[in-house]
Each structure stands twice: as C-alpha cells, then as structure tokens.
Amino acid sequence: MIALAIELGGTHSVAGIVQGERVIAKETVPSTGSDRLGPTLEQFASVLRKLAAKHQVAFRDCAGVSIAFCGLVDTKRARVLSTNLKYEDAPEIDLAGWARDTFGLHLRLENDARLALLGERFAGAARGFDDVVMMTIGTGIGGAAMMEGRLLRGKHFQAGCLGGHLPMNPRGRLCSCGAAGCAESEASTFALPGLLQSFPGFEQSVLAKATPLDYRTVFEAADAGDDLAQRVVAYSIDVWSALLVGLIHAYDPEVIVVGGGVMKRAARILPALEARAATAWTPWGRVQIQLAQCGSDAALLGAVPLLEEQL
Ligand SMILES: [Zn+2]
C-alpha cells in the first residue's frame, strides 16, 4: 500500500509518503507564523505534490490520506473535536472534503498517539502484539491503547488517548486540560519551567540561568552533579513510572511502548520504568516495556493500518 500521511503535531508538522513499512519521503512543513490550520493546508498539499513528483508516485495509486492530529478527533466523521493550544480552527475544517478535492483521495483522521501506536505495531516495537499501550514523553505526554487488536476509542473518542492527563498528584499544578496534577503537568517539557521553579534551591541551580529549559538540559545538569537537576530527574521518572503502572492496571497490555523526545535518555529512564512495571498487579506474568523503534516516523507509518482498518 502507498499512503499520503500528515502529522499535525504540537510542536512540528510533517507531510510524507508511506510505502509498505517505510516512509519513502517526508518533509517538515514550516509554520506560516499562524497557529491556525486552514492557512497551512495548501502548504501540506504543495509539499505532498512535490514529494510525489520526486518519487514518481501518482495520487491515484495511493490508498488514501491519513492525518495524525494532536487533539481529540471523531474518527468516524473525520472531524477534529477538541484542540489543545494548537490549530484552534481545526474543528471547523472539512478535512475529508479537502483531501477529496485536492488529491481525489479518501481521508482518515486519528489522534496522533493512536497513530503512533498503530505505526509501532505495524513496523516497530509492538509487532505481533494485540494488546498494546503507547506512551510518549515529550512536549506533553501522549497515550493510546489497543485491546484485543482494536484501538480503544470509546463513545466520545477519548478513551485511551488521555493517558497524559491521568492525575498523578491531586494537589499538583494546573494542567492545560483544566485539571490539576496530571502526569503532563507534573513531568513534561511543557511543564518543566514551572516544575523546576517549584523545587527548593532552584535559584542556586545552574538551571536558573539555562536556556532552553528542556529535559536534555536538565539531564545534562544532573550528569554534571547539579543537585536540583538530580531531584527533578528523580521526581519526573517517579511520575512516568507511576503513570506506567496506572496504564497497565487500566488497559491490561502485554507490551508498553515508550517513545518521545525525552526517551533519548532511555538508558536512564527505561530500567526505572521496568522496575516499577514489575510491581504492577499482573498475576499472568510481566508486561514488556519496549523503547519505541519508529521514532518520528511512527505516526506516519500508522497510515497504512489506519487506512486498512474497517470501522
Ligand atoms: Zn491534564
């Protein structure tokens, strides 16, 4: 199968062409300076036309267009339901009509974490598994669940994909979703500046003057012996580990695939996640914790199983 694939992410957007288990071409689509989707659609179309011409792919030979969206979507009607500080105009846009008029192709829309799960199951760390949880730790914390070979969506299309908004600290920081103490507001790149400042000793830390304040900087400061950075790393890993156990208890997976930019530090994080997963109540055996293999291609690769899926 050949598919056109678009990822509308929280921090970057990509358009690509997937053939079989490979992304044969992709290109980052720069922001127009606006956070609105409507004015950007023609740029996606023009990138896909260019990539298709370069790789001699005819749109009529493609199975469809897949869009991964960083928010809640109605999978059946292919409409965005709710956004999170990005592409606020998306719920008003008829994306299926756009794909039909622009490429002559059918469109499927899905949440980005669910598409990443499909991609990892199709071509990465969850091959051969029917019961899978995906957890991505980066700007935010993404989640998705598959049970008995079917993506978990639920009546309102929000089942399984709000893992980052499971409460970890009932008196924690206010989250962008409106709740308090979500995993995402306790330990994600998005939450990091507030998290660091809430720790005693921030002013004495090298991080008080560091830019950008991301996990790469924090892990490097921790490696260099900065006390505050070490405490923040330990706290963050605690949050991710607790979330992991929550996801195991919620969705009964055989494997949890962990990805996202923060997992560049997998050597430090993964053993802690595995140790905590071993404490979960799973009398049948041990849940496997796997590092994501598809990297930034996961949500694009998910296009193939998504377009093959019978709704
Ligand atoms: Zn939240």
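Predicted model, so just to flag it, every value in this text is computed and none were measured. Both counts, for ligands and for their atoms, begin at 1 and track the order of listing.
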Show me the donor-acceptor pairs, under 3.5 Å and distance only, between side chains in residues 229-240 and residues at least two apart or in other chains.
from   : atom 1 : to     : atom 2 : distance (Å)
Gln230 : NE2    : Ala222 : O      : 3.1
Arg231 : NE     : Asp227 : OD2    : 3.1
Arg231 : NH1    : Pro200 : O      : 3.2
Arg231 : NH2    : Pro200 : O      : 2.9
Arg231 : NH2    : Asp227 : OD2    : 3.1
Tyr235 : OH     : Glu186 : OE1    : 2.5
Ser236 : OG     : Tyr215 : OH     : 2.8
Ser236 : OG     : Val232 : O      : 2.8
Asp238 : OD1    : Arg276 : NH2    : 3.3
Trp240 : NE1    : Ala187 : O      : 2.8

> Taking Asp223 as the fixed residue, which of Arg216, Arg268, Arg265 is the one that meets the salt bridge (charged side-chain N to carboxylate O under 4.0 Å, His left out) rule?
Replying inline: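 Answer to the salt bridge (charged side-chain N to carboxylate O under 4.0 Å, His left out) test with Asp223 among Arg216, Arg268, Arg265: Arg265.
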Result block: side-chain N/O donor-acceptor pairs under 3.5 angstrom for residues 46-59, not counting sequence neighbours:
from  : atom 1 : to    : atom 2 : distance (Å)
Arg49 : NH1    : Glu42 : OE2    : 3.1
Lys50 : NZ     : Glu27 : OE1    : 2.9
Lys50 : NZ     : Glu27 : OE2    : 2.9

>> Before you tell me yes or no, could you show the steps for Arg121 and Glu309 under salt bridge (charged side-chain N to carboxylate O under 4.0 Å, His left out), namely the whole-Å CA-CA distance, both residues' side-chain angles and the distance that decides it to 0.1 Å?
In response: CA-CA 13 Å; Arg121 183 179 182 242; Glu309 183 190 43; over 6 Å; no
> Ignoring waters, how many protein N/O/S atoms are under 2.8 Å from the Zn ion (ligand 1)?
Replying inline: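 If we list every protein N, O or S atom nearer than 2.8 Å to the Zn ion (ligand 1), we get 4.
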> Under the ring-ring contact (aromatic ring centres under 6.0 Å, His included) rule, what pairs show up with a residue in residues 113-166, not counting sequence neighbours?
Replying inline: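 Those involving residues 113-166 do not exist here.
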> Does the side-chain contact (heavy atoms from CB on, under 4.5 Å) test come out yes or no for Leu4 and Ile17, once each step is laid out?
Replying inline: CA-CA 5 Å; Leu4 305 183; Ile17 300 174; 4.0 Å; yes
